[in-house]
Number of protein chains: 2
Amino acid sequence: MTLTRDAGAGPNEPESDAEISNPLEFHVGYQLRRASAAILSRLASLLSDLKLTISEASVLVLVDDHPGITQSALGRALGIHRANMAPLAAILTERGLIERSQPGSRSIGLKTTKLGREQAMRARQCMEANEDALLPALAPDQRAALIDLLKQIWQV
Amino acid sequence: MTLTRDAGAGPNEPESDAEISNPLEFHVGYQLRRASAAILSRLASLLSDLKLTISEASVLVLVDDHPGITQSALGRALGIHRANMAPLAAILTERGLIERSQPGSRSIGLKTTKLGREQAMRARQCMEANEDALLPALAPDQRAALIDLLKQIWQV
DNA sequence: TATTGTTATACTCTATAACTATA
DNA sequence: TATAGTTATAGAGTATAACAATA
């Protein structure tokens, strides 16, 4: 790979094909997109052994923690729209991981099956493994500081 | 909205429909997903006035900074696959925002048109406005610290 | 009436595979 | 041969609108 000295040619000369200065790197938005993509793609890869997507695993774990929870409450907690919760709940039900507490009622409480509880445990292990994989990049106190900063961005 | 006192019922009682404790909130991966989604959705909304998606705007701005850059180099800088750069470049070309430096060659240098330079400037303003919107949530030194932490996560 | 669940639909982003053309 | 560009395709995630059932 050919390397020019610092950040490549200046902004007004034709580019040689080398590393390139990227002014977007100084934006929180850009860094969030790249970091989020990296960490989520690794988690997706870990969860693929369980045949679960990240959304499916998140729903499964939260239902397991809160037996009787409704789809709407799940959606509010996870930031997933009502309309997108329906097929998500349907898939987990089809696979025998969750079931409906009161089959007759309209507002449906969800809970995990025995198989679902086992899978939820394995999903939690994947999520913890994904967090642990951050340790080479982030010391524990940095990790805590990062969580605090991120919370401030999206929470009201 | 009905509020129970702290984090709702314990993990083994049926849920009342209230706020819910979410153990995922202690995960960097989860916080990254929520923060990234929030900030990117706001940016998408700002850019929609220019009829640009976030990917389109990122490519446009980078081409404007690096006239003569190839699609592959763009993709490497932005983390976008070669296969997905093709339609992206095609759209920007159709709209008269970028053009090909050497129409005969195979490795195609891209540069912005006059219209493209104007739009790139407006896109940069949207990105800056999006960054400024973070100020209520993050003090300037927190913002710098956050960028440093995020870089460590996805960069080698 | 407000909330819940559902269906249909569309858009954005990402990923792989297979192919052609070029250096 | 390695790189660049293209096309087709598929899978995730997210968004809105419209509807029926329920509290």
Side-chain angles (χ1 to χ4, degrees), chain A residues 1-2 15-18 29-30 32-34 36-45 47-48 51-59 68-76 78-93 98 100-110 154, chain B residues 1-2 15-18 30 32-34 36-45 47-48 51-59 68-94 98 100-110:
Chain A
M1 187 180 296
T2 39
E15 284 302 324
S16 66
D17 193 35
Y30 178 79
L32 270 176
R33 184 167 77 79
R34 298 301 299 264
S36 177
I39 203 173
L40 290 182
S41 120
R42 186 172 52 199
L43 178 57
S45 166
L47 286 170
S48 70
K51 312 286 177 199
L52 291 174
T53 68
I54 293 177
S55 297
E56 289 162 1
S58 305
V59 168
I69 194 174
T70 64
Q71 290 184 194
S72 292
L74 273 170
R76 281 191 295 271
L78 292 173
I80 298 176
H81 271 61
R82 218 165 69 243
N84 299 323
M85 278 301 312
L88 221 39
I91 284 179
L92 294 177
T93 305
I98 65 176
R100 329 225 144 183
S101 311
Q102 311 114 354
S105 174
R106 178 75 187 169
S107 184
I108 306 170
L110 301 174
W154 69 271
Chain B
M1 185 181 297
T2 39
E15 286 299 324
S16 66
D17 194 35
Y30 178 79
L32 270 175
R33 183 167 78 79
R34 299 300 301 263
S36 177
I39 203 172
L40 289 182
S41 122
R42 186 173 52 199
L43 178 57
S45 167
L47 286 169
S48 70
K51 312 285 179 200
L52 290 173
T53 68
I54 293 177
S55 297
E56 289 162 1
S58 306
V59 168
I69 194 173
T70 63
Q71 289 183 195
S72 291
L74 273 170
R76 280 192 296 271
L78 292 172
I80 299 177
H81 271 61
R82 219 163 70 242
N84 299 323
M85 279 300 312
L88 221 39
I91 286 179
L92 295 177
T93 305
E94 271 175 35
I98 66 176
R100 329 225 143 181
S101 311
Q102 311 113 354
S105 173
R106 179 74 187 169
S107 185
I108 306 170
L110 301 174

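Letters A, B, ... are given to chains in the order of the sequence lines, protein chains preceding strands, and every chain is numbered from 1. Everything numeric here is computed off the predicted structure, so don't read it as measured data. Atom set for the values below is all heavy atoms of this structure, side chains included, hydrogens, waters and symmetry mates excluded.
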Query raised in the report: Can you check the A:Leu47 CG to D:dG13 P distance for me, whole Å?
Result: 10 Å

Requested in this report: Starting from P on C:dC11, measure out to CD1 on B:Ile91 and report it in whole angstrom.
Outcome: 11 Å

Requested in this report: Measure from the side-chain heavy atoms of A:Ile80 and tell me the nearest of D:dT14, D:dG5, C:dT14.
Outcome: D:dT14

Query raised in the report: Starting at CE of B:Met85 and ending at C1' of C:dA15, how long is that distance when rounded to a whole Å?
Result: 16 Å

**Report entry** Under-4.0 Å side-chain N/O to phosphate OP1/OP2 contact, B:Thr53 with C:dC11
**Finding:** no

Requested in this report: Answer with base, sugar-phosphate or nothing: what part of the nucleic acid does B:Ala37 contact at a heavy-atom distance below 4.0 Å?
Outcome: nothing

Query - Residue A:Gln71, side-chain heavy atoms: nucleotide from D:dT6, C:dT6, D:dA12 that is nearest - result: C:dT6

Query raised in the report: Atom CG of B:Leu74 and atom CG of B:Leu88: how far apart are they, to the nearest 0.5 Å?
Result: 9.0 Å

Query raised in the report: Sub-3.5 Å donor-acceptor pair from the side chain of A:Ser48 to the main-chain atoms of A:Lys51, do we have one?
Result: no

Report task. Nearest whole angstrom, please: distance from the P of C:dA8 to the CG of A:Asn84. Result -> 14 Å

Report summary line: From CZ of A:Arg42 across to C1' of C:dT14 the rounded distance in Å is 18 Å

**Report entry** Among D:dG5, C:dT6, C:dC13, the nucleotide that comes nearest once only the side chain of B:Ser55 is considered
**Finding:** C:dC13

Report summary line: Testing D:dT6, C:dC13, D:dG5 for proximity to the side chain of B:Ile54, the answer is C:dC13

Report task. Output yes when at least one side-chain N/O atom of A:Arg82 is less than 4.0 Å from OP1 or OP2 of C:dA2, else no. Result -> no

Query raised in the report: Any side-chain N or O of A:His81 under 4.0 Å from OP1/OP2 of D:dT14?
Result: no

**Report entry** Closest contact, heavy atoms only, A:Leu47 versus A:Ile54
**Finding:** CD1-CA, 3.9 Å

Query - A:Leu74 CG - C:dT4 P separation (whole Å) - result: 12 Å

Query raised in the report: Base, sugar-phosphate alone, or nothing: which one does B:Ala89 contact when heavy atoms must sit under 4.0 Å apart?
Result: nothing

Report summary line: Judged by nearest nucleotide, the residue sitting upstream toward the 5' end of DNA chain C, A:Pro87 or B:Leu88, is A:Pro87

Report summary line: Between CZ of B:Arg34 and P of D:dT14 the distance, given in whole Å, is 9 Å

Using distance only, find each side-chain donor-acceptor pair of residues 78-85 of chain A under 3.5 Å and give its atom names and separation, not counting sequence neighbours.
none

Query - Selected nucleotide, minimal atom distance to A:Arg33 side chain, candidates C:dT14, D:dA15, D:dT7 - result: C:dT14

Query - Exam field: side chain B:Ser45 to backbone B:Ser41, donor-acceptor pair closer than 3.5 Å - result: no

Query raised in the report: Do any side-chain nitrogens or oxygens of A:Ser72 fall under 4.0 Å of OP1 or OP2 in C:dT3?
Result: no

Requested in this report: Measure from CG on B:Leu40 to C1' on C:dT12 and round the result to the nearest Å.
Outcome: 11 Å

